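Working notes, beginning with the structure itself.
Position 1 is the first residue of the sequence; numbering continues from there. None of the values given here were measured: they were computed from a predicted structure.
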Amino acid sequence: MMCDLESGVCGTAEEEEMEMIDFNQQKKSINLYYVTDPICSHCWALEPTLRRFMKQYEHYFNFKTVMGGLLEKWHGGPVDPANGIHGPADVAGHWREVGKHYRMPIDGSLMIDDPVQSSFPPSRVYKIIQKHYGEEKAFEYLRRAREALFIFNKNIGEGSVLVEIVNEMRLDGEVIVKEADEQTGHDLLNEDFVLTRKLGARGFPTIIMVNEENKGVKIVGGRPFENYVDGLTQVLGEKPAPKQQPVLSALLEEEKLLFAKEIEVMYDVEEADLNNFMDKELSPNSYQVKEILGELYFTTTTK
């Protein structure tokens, strides 16, 4: 006889009397490199898809973010003529188009009024947090930095803004930003630049998955969720088994801020059905709804 943990019903045990079980964690046989930059708009647009891929398949790979160095400084000449970008003011319109297309809003007016002069300072802060606190905490910082830049128009090229972002993560912003500007920060970032070239990444975002036989796939630019699953299948040599998506309440508590698009992608919800989904999954007092540039975003009530 047994009482079922999920149903609460007690009755005859259907499982075998005795069975062997293995508590060893599955060895992660894949290295996944995410080559990116804090001010990369297409990387911001990829966040809904990348988050779901990580949540459902991270048990197969070792995840490493690599800073690629998108903008050292403005040189006064064409930077990205193909997209009509010759100077910081041209970035604003391009960012707005990216945000509107992918429904991950970007204000962009900062690049007219107070443009980011280099993406290297926030990249060096990433490396210092990664060094001292690990990949997960550094990745959280990257998200907070992008929120500050793309949504709230804060210049993440400035030390004072970076200190504020890091402090809000309950880390010592003054100490971390200071170290990032010292030789250690420069050396760590240069190591990522070397790795970026070694991986053959020439644009952002680039995701590269490599197996134990040193064979892999490279996926350039923002792609649909299925493309990343297909890539993982190729390097594994078999179809991977996904984990269940996290419950929405836990995800929102972890992330603190989620756009409508991020929730829709994570849970396969149609835009028109989002409000009903939120009502079903969350209690009314547990979250706040706000809007920017025509898109909804959700925060915890404690944010």
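- Looking only at atom types and distance, the side chain of Ser119 has no donor-acceptor partner in the side chain of Arg124 under 3.5 Å away.
- With salt bridges taken as basic N to acidic carboxylate O contacts below 4.0 Å, one links Glu271 and Arg103.
- Partner of Thr196 under the side chain to side chain contact (heavy atoms under 4.5 Å, CB included) criterion, out of Asp37, Val66, Thr36: Val66 alone.
- Checked by atom type, the side-chain pair Tyr126/Thr65 shows a donor-acceptor distance below 3.5 Å.
- Rounding to the nearest 0.5 angstrom, the gap separating the CD1 atom in Ile151 from the CG atom in Leu110 is 13.0 Å.
- Note: Tyr287 and Phe298 have tilted aromatic rings, judged against thresholds of 30 and 60 degrees for the angle between ring planes.
- Salt bridge status for Glu97 with Lys100: absent, with no side-chain N to carboxylate O gap under 4.0 Å.
- Between Glu47 and Arg143 there is a salt bridge, with a side-chain nitrogen of the basic residue lying less than 4.0 Å from a carboxylate oxygen of the acidic one.
- For the pair Glu226 and Arg223, the salt-bridge criterion is not met [side-chain N within less than 4.0 Å of a carboxylate O].
- Side-chain contact, Asn153 with Ser109: a donor N or O sits under 3.5 Å from an acceptor N or O.
- A ring-centre distance under 6.0 Å is not found for Phe53 and Tyr60.
- Under the 3.5 Å distance criterion, the side-chain polar atoms of Asn167 are matched with a main-chain donor or acceptor of Gly173.
- Contact check on Glu147 versus Lys256 returns no salt bridge, with no Lys/Arg side-chain nitrogen under 4.0 Å from an Asp/Glu carboxylate oxygen.
- One finds no salt bridge joining Glu168 and Arg144 here, because no Lys/Arg side-chain nitrogen approaches an Asp/Glu carboxylate oxygen to under 4.0 Å.
- At a threshold of 4.0 Å, the pair Arg96-Asp107 counts as salt-bridged, since one of the basic side-chain nitrogens sits closer than that to a carboxylate oxygen.
- Note on Lys178 versus Glu182: salt bridge recorded, some NZ/NE/NH1/NH2 to OD/OE distance being below 4.0 Å.
- Within 6.0 Å of CD on Glu254 lie more than 12 heavy atoms contributed by other residues, nucleotides or ligands.
- Put simply, the side chain of Asn155 does not reach to within 4.5 Å of the side chain of Gln117, judged on heavy atoms.
- Note: Phe63 and Phe139 have perpendicular aromatic rings, judged against thresholds of 30 and 60 degrees for the angle between ring planes.
- In this structure, CD1 on Ile30 lies 5.0 Å from CG on Asn211, to the nearest 0.5 angstrom.
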